[in-house]
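Heavy-atom basis, side chains included; hydrogens, waters and symmetry copies ignored.
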Amino acid sequence: MRRYLLAAAALAAIATPAAARDGSPYVGIEAGLLFPKDGDIEVEQPGEDFDTNRSIDFNRGRDIDIIGGYDFGAFRIEGELAFKRTRADEVEFEDAEEGTIRELGNPRVRVRSIMANALLDFGDPEGIGFYAGAGIGRARGKAEGDRDSAFAFQGIAGVRAAVSPNIDLGLKYRFFRTGQLRFNQDFDFGDGQTFPVGIDTRFRSHSLLASLIFNFGAAEVLAPPPPPPPPPPPAVIEAPPATQTCPDGTVVLATEVCPPPPPPPPPPAQGERG
């Protein structure tokens, strides 16, 4: 019977899915390649008649973020602090009167963002799982010496694989976009003249990131059921105690003393003589 109970407990433990990550917090770090999209720009240059090519090209860059959140099961909420860095190709301006081309150089562009993400989980939390969602927050861009901030949003999709009860490795895709950013710069076009230029643009990018996630929840180990109690000992049938029959017919234990016999009756009384 005990073997059958232990076997049933083992089968139940195998058939029941573990939920190490459900209902637990997690933190992680992600890093990878940044693929900025060409940006449309609007240029303001007081007192000069310049036409811009209306776009700015970016080189491939780097994207790093730190995340932390809580896994509710099929739904996760997390905070994200991200750092993006790239360099723009030369921005060209055409002098409408002279027909000459002037370049702004290769400005470095950095974008920091803090986002709140809502994600849906699919698949096996103890094997391979998929997730997708969106985020909204605030971004701060820096181009050379000027900075500006704007609201930002992003779309996220990824895959995770559990390599231990607490560690996940994954691959993540992210599309990121900011609102309008304005940078005011003083550019030297190489002829000794410095011009103040205002550039309005939105930063958009695609990112492909490798993820390392630590989950604080641990897999719940099902304890085997306690063994059944041992069977009661067999009942012991005791032999009846030894008895003895007393002279008066009473039966007592053999270890007891028979009651004494009753005293003899008194002799009959003799009659008086006359």
Quiz item: Got a sec, which residues hit side-chain contact (heavy atoms from CB on, under 4.5 Å) with Ile29, two or more places apart in sequence or on another chain?
Solution: Leu212
Check [X] against [Y] and note the closest heavy-atom contact, atom names and distance.
{"X": "Ser149", "Y": "Arg140", "result": "OG-NH1, 3.1 Å"}
{"X": "Pro247", "Y": "Cys258", "result": "CD-SG, 4.3 Å"}
{"X": "Phe75", "Y": "Ile77", "result": "CE2-CG1, 3.4 Å"}

Tell me, do [X] and [Y] make a side-chain contact under 4.5 Å, heavy atoms counted?
{"X": "Val111", "Y": "Phe83", "value": "no"}
{"X": "Ser205", "Y": "Arg177", "value": "no"}
{"X": "Val159", "Y": "Tyr131", "value": "no"}
{"X": "Val251", "Y": "Cys246", "value": "no"}
{"X": "Arg62", "Y": "Leu33", "value": "no"}

Quiz prompt | Arg85 and Asp63 ion-paired at < 4.0 Å | solution = no
To the nearest 0.5 Å, tell me how far [X] [atom1] sits from [Y] [atom2].
{"X": "Ile64", "Y": "Leu81", "atom1": "CD1", "atom2": "CG", "value": "11.0 Å"}
{"X": "Arg110", "Y": "Arg87", "atom1": "CZ", "atom2": "CZ", "value": "9.0 Å"}
{"X": "Arg76", "Y": "Leu119", "atom1": "CZ", "atom2": "CG", "value": "5.0 Å"}
{"X": "Glu78", "Y": "Ile213", "atom1": "CD", "atom2": "CD1", "value": "7.5 Å"}
{"X": "Leu181", "Y": "Phe203", "atom1": "CG", "atom2": "CZ", "value": "9.5 Å"}
{"X": "Asp124", "Y": "Phe130", "atom1": "CG", "atom2": "CZ", "value": "11.0 Å"}

Exercise. Is it possible for you to say whether Phe122 and Tyr173 belong to one hydrophobic cluster, with membership spreading through side-chain heavy-atom contacts below 4.5 Å?
Key: no
Quiz item: Should Ile167 and Val27 be counted in the same cluster of Ile, Leu, Val, Met, Phe, Trp and Tyr side chains packed under 4.5 Å apart?
Solution: yes
Practice problem: Just jot down the side-chain hydrogen bond (donor to acceptor under 3.5 Å, both in side chains) partners of Asp71, sequence neighbours excluded, or say none. | Solution: none
Quiz prompt | Contacts of type side-chain hydrogen bond (donor to acceptor under 3.5 Å, both in side chains), residue Arg138, not counting sequence neighbours | solution = none
Practice problem: Would you check, one step at a time, whether the test side-chain contact (heavy atoms from CB on, under 4.5 Å) holds for Leu208 with Leu171? | Solution: CA-CA 7 Å; Leu208 190 60; Leu171 192 64; 4.2 Å; yes
Quiz item: For Arg182, does its backbone N or O pair with a side-chain atom of Asp148 as donor and acceptor, under 3.5 Å?
Solution: yes
Quiz item: Looking only at atom types and distance, does a side-chain atom of Asn166 sit under 3.5 Å from a main-chain N or O of Asn215, one as donor and one as acceptor?
Solution: yes
Quiz item: Between Glu30 and Ile67, is a side-chain contact (heavy atoms from CB on, under 4.5 Å) present by the stated rule, with each step listed?
Solution: CA-CA 8 Å; Glu30 301 173 321; Ile67 60 174; 3.9 Å; yes
Quiz prompt | Evaluation steps, side-chain hydrogen bond (donor to acceptor under 3.5 Å, both in side chains), between Thr178 and Arg202 | solution = CA-CA 6 Å; Thr178 70; Arg202 290 179 172 84; over 6 Å; no
Quiz prompt | Verdict with supporting geometry, Ser207 and Phe176, side-chain contact (heavy atoms from CB on, under 4.5 Å) | solution = CA-CA 8 Å; Ser207 298; Phe176 177 83; 5.9 Å; no
Self-check item: Residue pair Asp65, Arg174: steps toward the salt bridge (Lys or Arg N to Asp or Glu O under 4.0 Å) verdict
Solution: CA-CA 11 Å; Asp65 66 43; Arg174 175 169 61 212; 2.7 Å; yes
Quiz prompt | salt bridge (Lys or Arg N to Asp or Glu O under 4.0 Å) evaluation trace for Lys172 with Glu80 | solution = CA-CA 13 Å; Lys172 175 179 177 178; Glu80 172 194 295; 3.5 Å; yes
Exercise. Please step through side-chain hydrogen bond (donor to acceptor under 3.5 Å, both in side chains) for the pair Gln154 and Asn117, ending with a clear verdict.
Key: CA-CA 9 Å; Gln154 61 187 11; Asn117 302 323; 2.9 Å; yes
Quiz item: Do other residues, nucleotides or ligands put more than 12 heavy atoms under 6.0 Å from Ile128 CD1?
Solution: no
Quiz prompt | Phe151-Phe153 aromatic ring centre distance below 6.0 Å | solution = no
Quiz item: How are the rings of His206 and Phe175 set to each other: parallel, tilted or perpendicular (split at 30° and 60°)?
Solution: tilted
Quiz item: Taking the six-membered ring of Phe58, is the NZ or CZ of Lys37 close enough (under 6.0 Å from the centre) and on axis enough (within 45°)?
Solution: no
Quiz item: Has Arg160 got its NZ or CZ under 6.0 Å from the middle of the six-membered ring of Tyr26, at an angle within 45 degrees of the ring axis?
Solution: yes
